[in-house]
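Down below is the structure, laid out as structure tokens.
Every value quoted in this text rests on a predicted model; they were computed, and no experiment measured them. Lettering of chains follows the sequences in order, A, B, ..., and the numbering in each one begins at 1.
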Amino acid sequence: MAEVFEEIALLMELKGENPFKIRAYRTGAETVMSFPGDIIARAQSGDLAGIKGIGEALRDKLHEMATTGGLKFYDYLRGEFPEGIFELFELQGLGPKKVAMLYKELGVASIAGLQEAIAAGKLQDLAGFGAKSVQKLEQSIAFHFSHAGIFRQEQVAHDVADILAALRGHPDVSRAEVAGSYRRGKETVGDLDFLVATSHPEEIMAYFTSQPWVADIIAHGPTKSSVHLASGIQCDLRAVTNAQFPFALAYFTGSKEHNVALRSRALKYGWTLNEYRFASTTPDGPPPPTDIHEEKDIYRALELDSIEPELRENTGEIPAAEEGSLPRLVEMDFLRGTFHNHTTASDGRNSLLEMAEAAREMGMEYLGIADHSKASFQANGLDEGRLREQIAAIREMNQGWKDFRLFAGSEVDILKDGRLDYPDEMLAELDYVVASVHNAFQLSEEEMTNRILKAVENPHVTMLGHLTGRLLAKRDPYAVNIPKIIDACAETGTIIELNANPWRLDMDWRWWRLAKSKGVLCSINPDAHSTDGLHDLYYGMRIARKGWLERSDVVNCLKVAEITKLLNAKRERMAATLT
DNA sequence: GCCGTTTTCGGCCCGACTGTTTTCAGTCG
């Protein structure tokens with residue numbers, strides 16, 4: 001539904017419609033995407049009143065989509081332009097005006113069509129297209145075919161560290177930060193935004209654009225430059241003064257929606273807020289606040305608690321900051337252990353002992369081992385005999401530690417029909433069980449949901465692993481009704497994993513507030529297949545924070561005695577209910 | 001198309017860079 005609103009916005013831009021109307025569709029798409037609940041169920045039952053950004057017209061359209069699976073208004077708009085026209089927007093430098101012109105004047109309606117038109121020399125005759133524009137378009141096309149455009153955190157983390165070090169090492173730079181979606185901890189980023197405070201901006205721009213990791217320069221001005229790195233990611237740098245730095249950092253960290261909300265709040269105080277400063281809206285208006293040195297000073301001036309970058313998505317953080325009800329976000333230092341880790345017994349690269357020692361060195365007090373079960377034969381899953389040997393080895397090893405403990409678990413396949421890959425007697429011997437789907441991804445949403453619900457009903461299933469099976473920028477999540485799963489987990493006391501592998505980051509951060517509101521607990525699990533993999537916990541932590549999770553929501557923060565008790569709680573509770 | 005201490009109509013963020021259009025439009029973030 002959000003994608004349909006996005007495409008409607010694009011089509012209306014092509015038609016040259018009222019830009020504010022277009023923005024309303026974009027806002028609507030954003031609202032739908034980040035809605036903390038079952039928006040489809042709400043739309044089906046017509047229960048959409050009072051959602052900010054969704055007015056009468058968008059409400060009706062959501063209802064129509066949710067009940068009929070289509071939208072007449074959208075079909076009508078689509079009929080006015082050919083199918084392939086959307087891909088033209090993926091080219092850097094092409095916006096709605098130029099795409100409309102290309103289509104209207106030359107009949108260009110795809111990237112391939114554009115290539116033909118360029119080859120035939122047709123673009124030169126078009127108003128607004130000179131030789132340089134054509135050359136840039138050819139570059140954009142080449143770039144489009146050679147790069148993905150979406151990057152996972154772990155793909156860019158090294159670039160970010162290198163660039164920050166280079167900027168901070170320059171004698172004319174007093175402060176440097178990475179901003180943008182990377183700083184907000186998004187699961188993937190489309191570009192990287194850097195910011196420096198300097199009194200010699202032009203020198204910094206020259207320095208930045210001449211670095212060895214720059215593949216090509218997109219733009220190079222006195223205070224702003226854009227380049228592509230070798231990895232293909234676009235990287236922007238802005239230079240401001242020291243006094244402007246907190247404003248610019250807040251501005252370029254975003255999100256756009258968060259900024260809009262902050263600016264409109266500033267207006268109520270009689271101030272404008274931009275990337276450089278507060279200013280009075282009128283000459284005789286209230287004087288703007290002074291003494292702004294850090295981002296938190298900006299929030300304080302607007303009578304808001306300081307808002308962590310991860311929360312800046314305009315999904316309720318501003319009202320919460322106003323009334324002092326922002327969450328105290330969970331931190332890396334709070335983690336005492338983690339679950340769902342593999343060893344050489346299945347498809348891991350390190351032994352039980354090596355994994356345990358690595359966890360101890362990281363300062364953990366416990367580590368849960370969960371190798372694959374036998375149905376995952378491609379991953380050398382354990383049969384019951386090998387699993388019992390592993391359990392015995394873990395019990396034996398635990399004798400040797402006073403300050404550390406291994407938990408014997410398993411990542412048990414949820415079979416296609418919802419049964420588990422081990423019988424209950426086997427599961428009962430384990431300290432805990434992670435239940436995950438590893439095959440038959442193509443089931444319908446109803447079948448997949450029922451499959452997982454059946455696993456949740458099992459008293460031995462302590463937690464659900466990677467709930468949607470997604471691989472970021474590679475494989476879509478499988479269809480599953482997440483609100484239903486969350487309700488069942490709340491009902492049964494089943495924990496949901498936040499898989500910290502940077503490819504997965506699953507369950508998605510947008511669902512955690514719903515889970516939290518129902519009392520469902522989170523386990524941040526690295527799904528480590530090596531000792532190095534344990535460090536992926538960091539990526540999971542960023543996502544947990546993005547999901548508004550606090551120390552009390554994350555089971556990894558519990559002490560050994562507390563977590564031991566919790567791992568047994570569901571079994572005991574369900575046994576009590578039965579008797 | 002949405003919203004409201006500016007409240008049912010009038011306003012909705014705006015600055016940097018590029019290329020081409022001799023004064024600015026388009027794109028981007």
Separation of [X] atom [atom1] from [N] atom [atom2], in whole Å?
| X | N | atom1 | atom2 | value |
| --- | --- | --- | --- | --- |
| Glu56(A) | dC2(B) | CD | C1' | 11 Å |
| Leu123(A) | dT20(B) | CG | P | 11 Å |
| Leu94(A) | dT18(B) | CG | P | 17 Å |
| Leu91(A) | dT18(B) | CG | P | 19 Å |
| Phe20(A) | dC3(B) | CZ | C1' | 13 Å |
| Phe208(A) | dC17(B) | CZ | C1' | 15 Å |
| Leu137(A) | dT27(B) | CG | P | 10 Å |
| Leu88(A) | dG26(B) | CG | P | 17 Å |

Let me know, please, whether Glu275(A) or Gly53(A) comes out on the 5' side of the other along DNA chain B by nearest nucleotide.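 First, find each residue's nearest nucleotide; the 5'-ward one identifies Gly53(A).
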Nearest nucleotide by nearest heavy atom, which residue falls closer to the 5' end of DNA chain B, Gly95(A) or Phe129(A)?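 Taking each residue's closest nucleotide, the earlier one in sequence belongs to Phe129(A).
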Quick one: is [N] close enough that its OP1 or OP2 comes under 4.0 Å of any side-chain N or O from [X]?
| X | N | value |
| --- | --- | --- |
| Gln234(A) | dG29(B) | yes |
| Lys61(A) | dG1(B) | yes |
| Thr272(A) | dC14(B) | no |
| Ser133(A) | dT20(B) | yes |

With a non-hydrogen cut-off below 4.0 angstrom, is [X] in contact with a base, only sugar-phosphate, or nothing?
| X | answer |
| --- | --- |
| Lys21(A) | base |
| Pro19(A) | nothing |
| Lys268(A) | nothing |
| Lys256(A) | nothing |
| Asp193(A) | sugar-phosphate |
| Tyr251(A) | base |
| Ala131(A) | sugar-phosphate |
| Leu58(A) | sugar-phosphate |

Compare the minimum distances between each of [options] and the side chain of [X], then state the nucleotide with the smallest one.
| X | options | value |
| --- | --- | --- |
| Lys98(A) | dG29(B), dT18(B), dT27(B) | dT27(B) |
| Ala57(A) | dG29(B), dG26(B), dG1(B) | dG1(B) |
| Tyr276(A) | dA16(B), dT18(B), dG1(B) | dA16(B) |
| Ala219(A) | dG29(B), dC12(B), dC17(B) | dC17(B) |
| Pro222(A) | dC17(B), dC13(B), dG4(B) | dC17(B) |
| Asp191(A) | dG29(B), dG1(B), dT18(B) | dG29(B) |
| Ala24(A) | dG15(B), dG1(B), dC12(B) | dG1(B) |
| Thr223(A) | dA16(B), dG1(B), dC28(B) | dA16(B) |

How far apart are the closest heavy atoms of Tyr478(A) and His466(A), and which atoms are they? OH-O, 3.6 Å
A cation-pi test, strictly: NZ or CZ of Lys61(A) under 6.0 Å from the centre of the six-membered ring of Phe5(A) and no more than 45 degrees from its axis. Yes or no?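 Negative - Lys61(A) is either too far from the ring of Phe5(A) or too far off its axis.
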Between [N] and [M], how many Å separate the two [atom1] atoms, rounded to a whole number?
| N | M | atom1 | result |
| --- | --- | --- | --- |
| dT6(B) | dC12(B) | P | 13 Å |
| dT22(B) | dG10(B) | P | 38 Å |
| dT20(B) | dC14(B) | P | 29 Å |
| dG11(B) | dT18(B) | P | 34 Å |
| dT8(B) | dG15(B) | P | 30 Å |

Any Lys/Arg nitrogen of [X] or [Y] sitting under 4.0 Å from an Asp/Glu carboxylate oxygen of the other?
| X | Y | result |
| --- | --- | --- |
| Arg545(A) | Glu310(A) | yes |
| Arg175(A) | Glu294(A) | yes |
| Arg26(A) | Glu13(A) | yes |

Name of the residue among Val173(A), Leu164(A), Val240(A), Asp172(A) meeting side chain to side chain contact (heavy atoms under 4.5 Å, CB included) with Val196(A):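 Among Val173(A), Leu164(A), Val240(A), Asp172(A), the one meeting side chain to side chain contact (heavy atoms under 4.5 Å, CB included) with Val196(A) is Val173(A).
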Ring centre gap for Phe252(A) and Phe194(A) strictly below 6.0 Å: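 No, the ring of Phe252(A) stays outside the 6.0 Å limit from the ring of Phe194(A), centre to centre.
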Nucleotide opposite dT8(B) in a Watson-Crick or G-U pair, distances under 3.5 Å: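 Paired with dT8(B), as far as the under-3.5 Å criterion goes, is no nucleotide at all.
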Roughly how far, to the nearest 0.5 Å, is the CD atom of Glu308(A) from the OG1 atom of Thr253(A)? 12.0 Å
